[in-house]
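Encoded as structure tokens, the structure appears first; notes follow it.
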Amino acid sequence: MDMKKLLITGFDPFGGQTVNPSWLAVAQLPSQVGDFEIRKLMIPTVFGSAAQAVLKAAAAWQPDVILCVGQAGGRDSVTPERIAVNIRDARIADNAGNQPRGEFVAPDGPAAYFATTPVERMAQAIRDADIPATVSNSAGAFVCNDVLYTLLHHFDGTRTQVGFLHVPFLPEQGKPSMPLETITRALTAAISACSFRNGAAQS
Ligand code: PCA
């Protein structure tokens, strides 16, 4: 089988939480899913540094797909993100104490990018595994959006696909929540859907 390479990232805990389900679920993934070889990276919930850590790992390994995962407290389903916007607007400080309000991610960049992973297929694949999933049209304006926008800007026009998934809280963090095993299965299903390339905004 012709193996492809997928780099998947999760964040460290932030905002007073002691765990972040995004990294815990990523850490549980096997080293191979379908025809993808998987490498995992924990990134800091810090504007700028998080994306730089992903870019560094990507430069070294040259993955075909980069999938970043983050926690979205308050959401009750797994949500592939369709779009990233060129704005940093933080309600809380990041893990380095930064709290940008209304700044650009990239002053020379367009207002927004569409994710280049097949977001509808990813959501469908997760639902096919009996896990609630729906495409999200906003990744917010905190560090998750910052990472997605920076990567899409960097890899614009290249063959490298970039996508993002937000996942709910774990039961111990509050409601709504999803068990860790379920989130991990959702990631596996989403990865399998990444063997297709996104052709259009709605795919
Ligand atoms: N979620 C935050 C940043 C880190 C994370 O896991 C966000 O949604 O921006």
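Just so it is clear, the values below take in all heavy atoms, side chains as well, and ignore hydrogens, waters and symmetry mates.
For the atom pair CD (E37) and CG (D64), the distance works out to 10.0 Å, reported to the nearest 0.5 Å. Interatomic distance, SG of C68 versus CG of L7, reported as 7.0 Å (0.5 Å rounding). Rounding to the nearest 0.5 Å places CG of L152 at 11.0 Å from CZ of F114. Atom CG of residue D12 and atom OG1 of residue T18 lie 12.0 Å apart, to the nearest 0.5 angstrom.
A pairwise comparison of heavy atoms in P13 and N95 identifies O-ND2, 2.9 Å as the closest pair. Across A50 and V147, no two heavy atoms sit closer than the pair CB-CG2, 3.5 Å. In this structure, P21 and P168 approach most closely via the heavy-atom pair CG-O, 3.4 Å. Nearest heavy atom pair, residue L151 against residue I66, reads CD1-CG2, 4.0 Å. In plain terms, the two heavy atoms of A25 and L187 that are nearest each other are CB-CD1, 3.7 Å. In terms of heavy-atom proximity, A123 sits nearest to P80 at N-CG, 3.9 Å.
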Take V65 and K4 through the side-chain contact (heavy atoms from CB on, under 4.5 Å) test and state the conclusion after the steps. CA-CA 8 Å; V65 180; K4 292 193 285 183; 5.9 Å; no

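Evaluation of the ring pair (Phe, Tyr, Trp, His ring centres under 6.0 Å) test over residues 154-193, restricted to residues two or more places apart or in two chains, returns F164-H166. Note on residues 42-60: no pairs pass salt bridge (Lys or Arg N to Asp or Glu O under 4.0 Å), not counting sequence neighbours.
Residues P118 and Q161 meet the side-chain proximity criterion, which asks for heavy atoms closer than 4.5 Å. Contact check for M178 versus V167: no side-chain heavy atoms found under the 4.5 Å cut-off. T134 is listed as a side-chain neighbour of S77, based on a closest heavy-atom distance under 4.5 Å. With a 4.5 Å cut-off on side-chain heavy atoms, I183 and L24 do not count as touching. Counting heavy atoms from C-beta outward, D156 and T158 have side chains that stay 4.5 Å or more apart. In this structure, the side chains of D35 and D2 stay at 4.5 Å or more apart for every pair of heavy atoms.
With sequence neighbours excluded, no residue satisfies ring pair (Phe, Tyr, Trp, His ring centres under 6.0 Å) with F11. For Q124, the side-chain hydrogen bond (donor to acceptor under 3.5 Å, both in side chains) test picks out R127, D128, with sequence neighbours left out. Looking at residues two or more places apart in sequence or on another chain, you find a side-chain hydrogen bond (donor to acceptor under 3.5 Å, both in side chains) between T184 and Q28. For N145, there are no side-chain hydrogen bond (donor to acceptor under 3.5 Å, both in side chains) partners two or more places apart in sequence or in a different chain. Not counting sequence neighbours, S138 has no partner by the side chain to side chain contact (heavy atoms under 4.5 Å, CB included) test. In this view, R75 and E81 satisfy the salt bridge (Lys or Arg N to Asp or Glu O under 4.0 Å) rule, not counting sequence neighbours. Qualifying side chain to side chain contact (heavy atoms under 4.5 Å, CB included) partners for I38, counting only residues two or more places apart in sequence or in other chains: L6, I8, V33, F36, K40, I191. Checked against side-chain hydrogen bond (donor to acceptor under 3.5 Å, both in side chains), T150 has no partners two or more places apart in sequence or in another chain.
Q71 and Q17 are not linked by any side-chain donor-acceptor pair at a separation below 3.5 angstrom, with hydrogens and angles left out of the test.
Cluster note: V46 groups with no other residue, as no ILVMFWY side-chain heavy atom lies under 4.5 Å from it.
At least one donor-acceptor pair under 3.5 Å links the side chain of T116 to the backbone N or O of V162.
Under the 4.5 Å side-chain heavy-atom criterion for ILVMFWY residues, no single connected hydrophobic cluster contains both L67 and L55. Cluster annotation: L29 is connected to M42 through the hydrophobic network of ILVMFWY side chains, with a link wherever side-chain heavy atoms come within less than 4.5 Å. No chain of hydrophobic side-chain contacts below 4.5 Å, direct or via other Ile, Leu, Val, Met, Phe, Trp or Tyr residues, connects F14 to L165. A chain of hydrophobic side-chain contacts below 4.5 Å, direct or via other Ile, Leu, Val, Met, Phe, Trp or Tyr residues, connects I131 to V69. Note on F104: it does not cluster hydrophobically with F142, by side-chain heavy-atom contacts below 4.5 Å among ILVMFWY residues.
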Side-chain donor-acceptor pairs under 3.5 Å in residues 85-94, sequence neighbours left out?
from, atom 1, to, atom 2, distance (Å)
N86, OD1, V105, N, 2.8
N86, OD1, A106, N, 2.9
N86, ND2, A106, O, 2.8
N86, ND2, G109, O, 3.2
N86, ND2, P110, O, 3.3
N86, ND2, Y149, OH, 3.4
R88, NE, D146, OD1, 2.6
R88, NH2, D146, OD1, 3.2
R88, NH2, D146, OD2, 3.4
D89, OD1, R101, NE, 3.1
D89, OD1, G102, N, 3.0
D94, OD1, A96, N, 2.8
D94, OD1, G97, N, 3.0
D94, OD1, N98, N, 2.9
D94, OD1, N98, ND2, 3.2
D94, OD2, F47, N, 2.9
D94, OD2, N98, ND2, 2.8

